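Throughout, residue positions are numbered sequentially from 1 according to the sequence presented. Owing to the predicted nature of the structure, the values given are computational and were not obtained by experimental measurement. Any value given below was found using the heavy atoms of this structure, including those in side chains, with hydrogens, waters and symmetry copies removed.
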Amino acid sequence: MFAANLVGYLTGFLFTIFITRRLSEEEFGVWALVGSFITYSLMPFNLVSSWISRDAARGKKILSSAATLFLLLTPISIMIYFSMALGSATAINYDPWTIALGVVILIPYILLTLGTAIQSGYAPQNLGIARIVFEISKVVLAFYLVVSLRLGLIGAFISLSIAYLIQAVILLERSKALFQRQVSRELIVKWSKGAPVNTIQMINDVLGATDIVLMSVITGQAIIAGYWQAAIAASALVTSSHVLMSGLGPRLISGGTQKDLDKAFDLTMMFMIPMLFGFVVLSRDILWVLRPAYSEVWMASCLLALAGVIGTLGGFGAVAVSGTDRFDQKDDLSMTEYLRSRIFTLNRLNLIITALYVISVMIYLLIFKMLSLIEIILGIAGINLLFAVIRSAVNLNLMRKFTKLRLSFKNLPHYLVASTIMIAVVRLVRTYIGPLSARAYEAALPILVLIAIGALTYGAILYLISRDFRFFVKEVYKFVSSSL
């Protein structure tokens, strides 16, 4: 799964380069806003997706029932998109019909949400396979439509729409084992009854996507969203390894133990720590590759990367709480049982934190909107980091309160030592490279060399000082050898 996610990030970053180099800063900001509007539009499905995943993890025949429920919710989703898109277009003074065309991304994304909900519980490894196909398809389509044909924002919409459809088809095809002709009214009622509980999580997700909308609406320009999205896209490399915990939830639901948590956490930190250290050194250069103007937000991108790492720590706490909650093992549940669940408590507290984050961003923008674009983005990144710390502290405290599971940091010193030596070497080599070319492909080559040097240095040092890492390397070698 991690390999798939890493490939996904690299190809996704290539796609982002195509987009940022062919779209203006304002158009890239609109692109980012459309992504937020799609998040809003998925609200109806997010109310029921987690319950579908939990039943899929238990092997229930849910495909036809889940598809029926999604079909019923689709018109609501489309109406939400148009209301948000057309309303925001006026605030940022941009062509409303161009933004409305983003609905071509939403339709296949609904199918993808259905496939993801099922496979995340039933067979999480299939998510990685589909992700690789999606990313490759996205890059090929973007190169043809955006780079070669120069279709701009419309070409980007079409590229993503087709790629999402391909990914959705793969996941749904892999879900055939959970198909039965009869639609279960009991399951639909059960998932629908759980929707009020998930309302809190849904609002939390929607509010989490609101910061970028507030930036554009309050400042009256889409360009700030472009710079913010560039900072997020660059920092995503650091948090890409959080996918290693994606299988932990289903594992805990089906009876996993402390050993499963230790394995997922240690593996995640093994990759995430050096990525954070390396990103701090190379963040300006990575953003330069996207577009030279975006390199100005490198400090904000570093803060977002750190917030992502801290958020991942808290994510383990959240997964531990939800994965060990057994309240929904039966199909006939009362609303009281939902409201007394640990999941409801977790979602409620996270919603409060997200709401406070959004309020803080709004107040900051209203007071300091006259600052420069870079200063505004840096301030919001700092607020993001602060609330990531608060959220993680709450989630980890809930894990200690509700479960016997604990995070083990025994190998963290090894990762920190190896990462420190790694960035010293990378920084030394970087000083000999000098200024980067303004051309994307010419600038990317030395960055890739630096990343390779860093990875080799980290791996070599860690192999020398960590017995667990040596064991991990041997296990990987055995797995690869047996697969050939």
**Fill in**
On a heavy-atom basis, the closest approach of Gly102 and Ile38 is O-CD1, 4.3 Å

**Prompt:** Do the side chain of Ser295 and the main chain of Pro292 share a donor and acceptor less than 3.5 angstrom apart?
**Reply:** yes

**Asked** What residues form a side chain to side chain contact (heavy atoms under 4.5 Å, CB included) with Glu296, not counting sequence neighbours?
**Response** Ile374

**Request:** Dump the intermediate steps for side chain to side chain contact (heavy atoms under 4.5 Å, CB included) on Thr457 and Val426, then the final yes or no.
**Result:** CA-CA 9 Å; Thr457 302; Val426 170; 5.9 Å; no

**Request:** Verify salt bridge (Lys or Arg N to Asp or Glu O under 4.0 Å) between Arg291 and Glu25, making sure each step is shown before the conclusion.
**Result:** CA-CA 9 Å; Arg291 195 182 189 94; Glu25 286 94 335; 3.5 Å; yes

**Asked** Under 4.5 Å between any side-chain heavy atoms of Val103 and Leu106, yes or no?
**Response** yes

**Request:** Please assess Leu267 against Phe472 for the test side chain to side chain contact (heavy atoms under 4.5 Å, CB included), listing each intermediate value before the final yes or no.
**Result:** CA-CA 9 Å; Leu267 200 57; Phe472 170 75; 3.4 Å; yes

**Request:** Begin from the C-alpha positions of Trp298 and Asp285 and carry the test side chain to side chain contact (heavy atoms under 4.5 Å, CB included) through to its verdict.
**Result:** CA-CA 9 Å; Trp298 71 273; Asp285 295 331; over 6 Å; no

**Fill in**
Here the pair of heavy atoms bringing Val238 nearest to Met275 is CG2-O, 3.6 Å

**Request:** Please answer whether the main-chain N or O of Ala156 pairs with a side-chain N or O of Trp31 as donor and acceptor at a distance below 3.5 Å.
**Result:** no

**Item:** Distance in Å, Leu450 CG paired with Leu282 CG, rounded so as to fall on 0.5 Å steps
**Value:** 5.5 Å

**Request:** Using atom types as modelled and distance alone, determine if a side-chain donor or acceptor of Ser161 lies under 3.5 Å from a backbone N or O of Val104.
**Result:** yes

**Request:** For side chain to side chain contact (heavy atoms under 4.5 Å, CB included), just list the numbers for Thr312 and Thr268, CA-CA rounded to whole Å, side-chain angles, deciding distance to a tenth of an Å, and then say yes or no.
**Result:** CA-CA 9 Å; Thr312 300; Thr268 300; 4.0 Å; yes

**Asked** Can the ring centres of Tyr81 and Tyr40 be said to be less than 6.0 Å apart?
**Response** no

**Request:** Evaluate the side-chain hydrogen bond (donor to acceptor under 3.5 Å, both in side chains) criterion for residues Ser301 and Ser283: first the C-alpha distance (whole Å), next the side-chain angles of each, then the deciding distance (0.1 Å), finally the verdict.
**Result:** CA-CA 7 Å; Ser301 194; Ser283 56; over 6 Å; no

**Asked** If you draw a 6.0 Å radius around CE in Met299, do more than 12 non-hydrogen atoms from other residues or ligands fall strictly inside?
**Response** no

**Donor-acceptor under 3.5 Å (Ser148 side chain, Leu145 main chain)** = no

**Fill in**
Ala307 and Ala388 have their tightest heavy-atom pair at O-CB, 3.6 Å

**Message:** What I want to find out is whether Lys410 reaches Asp266 closely enough, with some N-O distance under 4.0 Å, to be called a salt bridge.
**Reply:** no

**Asked** About how many Å separate CZ of Arg21 and CZ of Phe28, when rounded to the nearest 0.5 Å?
**Response** 12.0 Å

**Contact check, side chains of Tyr227 and Ile224, non-hydrogen atoms, under 4.5 Å** = no

**Under 3.5 Å side-chain donor-acceptor pair for Asn395 and Asn350** = yes

**Request:** State, yes or no, whether a side-chain contact exists between Leu171 and Ile118 at a heavy-atom distance under 4.5 Å.
**Result:** no

**Asked** CD1 of Ile377 to CD of Gln229: how many Å apart, nearest 0.5 Å?
**Response** 11.0 Å

**Message:** Looking only at the aromatic ring of each residue, does the gap between the centers of Tyr415 and Phe469 stay below 6.0 angstrom?
**Reply:** no

**Asked** Under the 3.5 angstrom rule, does the side chain of Ser216 hit a backbone N or O of Val213 as a donor-acceptor pair?
**Response** no

**Request:** Check side chain to side chain donor-acceptor pair (under 3.5 Å) between Ser137 and all other residues, then give those that pass, not counting sequence neighbours.
**Result:** none

**Prompt:** Quick one: CE on Met362 to CG on Leu365, what's the gap to the nearest 0.5 Å?
**Reply:** 9.5 Å

**Fill in**
Correct closest heavy-atom pair for Ala225 and Ile212 would be CB-CG1, 3.7 Å

**Asked** Hey, does Phe277 have a side-chain heavy atom less than 4.5 Å from the side chain of Leu416?
**Response** yes

**Message:** Rounded to the nearest 0.5 Å, what separates atom CD1 in Ile136 from atom CD1 in Ile166?
**Reply:** 10.5 Å

**Prompt:** Can you tell if the side chain of Thr113 reaches within under 4.5 Å of the side chain of Ser49, non-hydrogen atoms only?
**Reply:** yes

**Prompt:** For Arg342, does its backbone N or O pair with a side-chain atom of Asp325 as donor and acceptor, under 3.5 Å?
**Reply:** yes

**Request:** Kindly give the heavy-atom pair with the smallest separation between Val309 and Thr239, and that separation in Å.
**Result:** N-CG2, 4.1 Å

**Item:** Phe409 atom CZ: more than 12 heavy-atom contacts under 6.0 Å
**Value:** yes

**Prompt:** Judged by atom type as modelled, is there a donor-acceptor pair below 3.5 Å linking the side chain of Thr354 to the main-chain atoms of Gly208?
**Reply:** no

**Item:** Ser53 side-chain N/O to Ala117 backbone N/O, donor-acceptor pair under 3.5 Å
**Value:** yes

**Message:** Give me the atom names and distance for the closest heavy-atom approach of Ser159 to Lys138.
**Reply:** CB-O, 4.5 Å

**Message:** Would Arg251 and Thr257 count as a side-chain hydrogen bond (donor to acceptor under 3.5 Å, both in side chains) here? Give the steps.
**Reply:** CA-CA 8 Å; Arg251 179 60 185 153; Thr257 63; over 6 Å; no

**Request:** Mark yes or no for whether Ser392, through its side chain, and Ile310, through its backbone, hold a donor-acceptor pair below 3.5 Å.
**Result:** yes

**Prompt:** Should we say atom CZ of Arg470 is surrounded by more than 12 heavy atoms from elsewhere, each under 6.0 Å from it?
**Reply:** yes

**Message:** Test side-chain hydrogen bond (donor to acceptor under 3.5 Å, both in side chains) on Ser322 and Arg54; report intermediate values, then the result.
**Reply:** CA-CA 10 Å; Ser322 61; Arg54 293 173 73 89; 5.2 Å; no

**Prompt:** Phe134 vs Tyr164 aromatic rings, parallel, tilted or perpendicular, using cut-offs 30° and 60°?
**Reply:** parallel

**Message:** Can you tell me how far apart CD1 (Ile359) and CG (Leu207) are? Round to the nearest 0.5 Å.
**Reply:** 8.5 Å

**Asked** For Arg406, does the CZ atom sit with more than 12 other heavy atoms under 6.0 Å from it, leaving out its own atoms?
**Response** yes

**Message:** A side-chain contact here means heavy atoms from C-beta on lying under 4.5 Å apart; do Lys404 and Thr324 qualify?
**Reply:** no

**Message:** When you measure from the side chain of Glu27 to the backbone of Ser24, do you find a donor-acceptor pair of N or O atoms at a distance under 3.5 Å?
**Reply:** yes

**Prompt:** Do the side chains of Val30 and Thr98 get nearer than 4.5 Å, heavy atoms only?
**Reply:** no

**Request:** Evaluate the side-chain proximity of Phe13 to Ile286: yes if any heavy-atom separation is below 4.5 Å, no if none is.
**Result:** yes

